[in-house]
Amino acid sequence: MNVLLLGSGGREHALAWKLSQSPLTTQLYIAPGNPGTLLTGINLPIDISDFDAVKNSCLQYNIQMMIVGPEEPLVKGIIDYFEADPRLRHIHLIGPGSKGAQLEGSKDFAKAFMGRHHIPTARYKTFTGDEFEEAKAYLYEMQAPYVLKADGLAAGKGVLICDNISEACFELESLLIKKRFGNSCSKVIIEEFLQGRELSLFVVTDGSNWKLLPEAKDYKRIGDGDKGPNTGGMGAVSPVSFADEKLMQKVIDRIVVPTIEGLKQENIPYKGFIFIGLIEVQGEPFVIEYNVRLGDPETESVMPRITSDLMPVLLSLKDNTLHEQTLTFDPAYALTIVLVSAGYPGDYPKGIEIFGLDQAKGVVVFHAGTKMDKKSEAIFTAGGRVLCITGMGSDIESARRICYDNARSIDFLGKTYRSDIGLDLMK
Ligand code: AMP
Ligand code: GLY
């Protein structure tokens, strides 16, 4: 069948890489894709926030399945748009409608949902712009560090963690009063800070059955030792040693099952991926956030560990037969290092030539922010997150070795990466 995948990052390259290996994929299209996805299918240069353009491509290329990579089109209702058009009804859609996408599109909705279904999460309160004084008073009831969250999507910048009360009040004002993220912060969540180890969990569901993909750990800060500003992720590892059977059973019983049951009870149809951001506090799991798509860069570590075909799993979501499917995983460790541009996550240059890609050995290199010169076929940087290098090994040490060998030999001016991905999980 013909498949269309929406998105253009490392996550989409990893998904495209996996889907293109399936005998069930006749032709894979990626919109807009990147120079890496060109190796797996055909890139369609369309703006995926233009739903009419996506529709026209689906009709033109006889698409039978569409997978939505990033959250934005989901939150903006691309699934509802497709479902409302009789000419698109035959297309099998992977991703929730706008109702389900609220789990990521509104943190207040997600927190209230967890409350209704007794899913463990940090204590919180939500405030609107005319409740600034009440919000401030609530901050004074909490203890440092203070966690403030814009309700809506804010390109990964909507969570602020403040070390002291004056900084927290300043940030509260910038969100609630000055509307730093526009409508996305017309509501602000203030919540208790949870100290623990973070874990990314990926659930695939047809709305009643569910299966787990391999878990992963993301490294969010720019610098070694988790120092410096937050980024879109500097690396990932899968599996995660502390996600042992005991913890995972608690996660399933207290979080995964109540989430799927909660969606069902609330008549929210959901076919697609749920990314549950977890934190383990003294052996007990709590939900930090839901995302309604796969994670980046976790997908770049997770996909290479899936040894079975992913296409039948995705197809089974259509008629709610996910329970009849089997997913198998490679027990080996997958490690991903993200090479970023100098200056990222702040300002960075673009258009710098990348060398050594053709000499990559023993790893898969997923493209994120790259561009290809059509004439010379040379590859240039085109974003902050440039390349994701995934290597595998029987232990973290060997996966690290192969990744870092390649991270050194693939080169561009200003290349920046963390040197400690996976180290904390080796102890
Ligand atoms: P984001 O992916 O932008 O939503 O970033 C959220 C990050 O903020 C999480 O990965 C955590 O590291 C941190 N975070 C969010 N909420 C809390 C919390 N209640 N306690 C501790 N850390 C948090
Ligand atoms: N890795 C975190 C995210 O995809 O949001």
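Counting starts at 1 for both ligands and their atoms, in listed order. Not measured: the values here are computed from a predicted model.
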Measuring from atom OG1 of T121 to atom CD of E289, what distance do you get when rounded to the nearest 0.5 angstrom? 10.0 Å
Residue, atom name and distance, where the atom is the protein heavy atom closest to atom 1 (P) of ligand 1: E289 OE1, 3.9 Å
Contact partition for K157 relative to ligand 1, non-hydrogen atoms under 4.0 Å: neither
For atom 17 (C) of ligand 1, closest protein heavy-atom neighbour: I288 CD1, 3.5 Å
In the protein, which heavy atom is nearest to atom 21 (C) of ligand 1, and how far is it? L194 O, 3.2 Å
Applying ring-ring contact (aromatic ring centres under 6.0 Å, His included) as the test, list every pair that has at least one member in residues 95-118; sequence neighbours left out. F113-H117
Do E173 and K178 touch side chain to side chain, with heavy atoms closer than 4.5 Å? yes
I161 contact mode with ligand 1 (heavy-atom cut-off under 4.0 Å): side chain
Taking the side chain as every heavy atom from C-beta outward, state whether I78 and V68 have any atom pair closer than 4.5 Å. yes
Option nearest atom 22 (N) of ligand 1 (shortest heavy-atom distance, choices F193, F286, F275): F193
Does some side-chain heavy atom of I288 sit less than 4.5 Å from a side-chain heavy atom of K149? yes
Could you see which bit of Q195 sits under 4.0 Å from ligand 1, with heavy atoms only: side chain, backbone, both or neither? neither
Taking the side chain as everything from C-beta on, heavy atoms only, tell me whether V159 gets closer than 4.5 Å to N230. no
Atom CD of E72: over 12 foreign heavy atoms under 6.0 Å: no
Which of the atoms of ligand 1 are close to E198, meaning less than 4.0 Å from one of its heavy atoms? 9 (C), 10 (O), 11 (C), 12 (O)
Does the residue E192 have a heavy-atom contact with ligand 1, meaning some pair of atoms that are separated by less than 4.0 Å? yes
Identify the two heavy atoms, one from S57 and one from I63, that lie closest to each other, and give their separation to 0.1 Å. O-CG1, 4.2 Å
Taken in chain and number order and not counting sequence neighbours, the residues that satisfy salt bridge (charged side-chain N to carboxylate O under 4.0 Å, His left out) with R401 are none
Ligand 1 atoms in contact with K149 (distance to a heavy atom under 4.0 Å): 15 (C), 16 (N)
Ranked by distance from atom 3 (O) of ligand 1, the top protein heavy atom is G156 O, 3.5 Å
Nearest candidate to atom 6 (C) of ligand 1, where distance is taken over non-hydrogen atoms, out of V159, L160, V287, I189: V159
Main-chain N/O of A53 paired to D50 side chain as donor or acceptor, under 3.5 Å: yes
Any atoms of ligand 1 less than 4.0 Å from a non-hydrogen atom of E191? List them with their elements. 16 (N), 17 (C), 18 (C), 19 (N)
Kindly indicate whether the side chain of M65, heavy atoms from C-beta on, has any atom under 4.5 Å from the side chain of K318. no
Identity and distance of the protein heavy atom lying nearest atom 7 (C) of ligand 1: K220 CE, 4.2 Å
Sorted by chain and residue number, the residues having a heavy atom closer than 4.0 Å to an atom of ligand 2 are D218, K220, F275, N291, R293, G295, D296, E298
For residues 198-212, pull every pair meeting salt bridge (Lys or Arg N to Asp or Glu O under 4.0 Å), keeping only residues two or more places apart or in separate chains. none
Quick one: do the K271 and N320 side chains pair a donor with an acceptor below 3.5 Å? yes
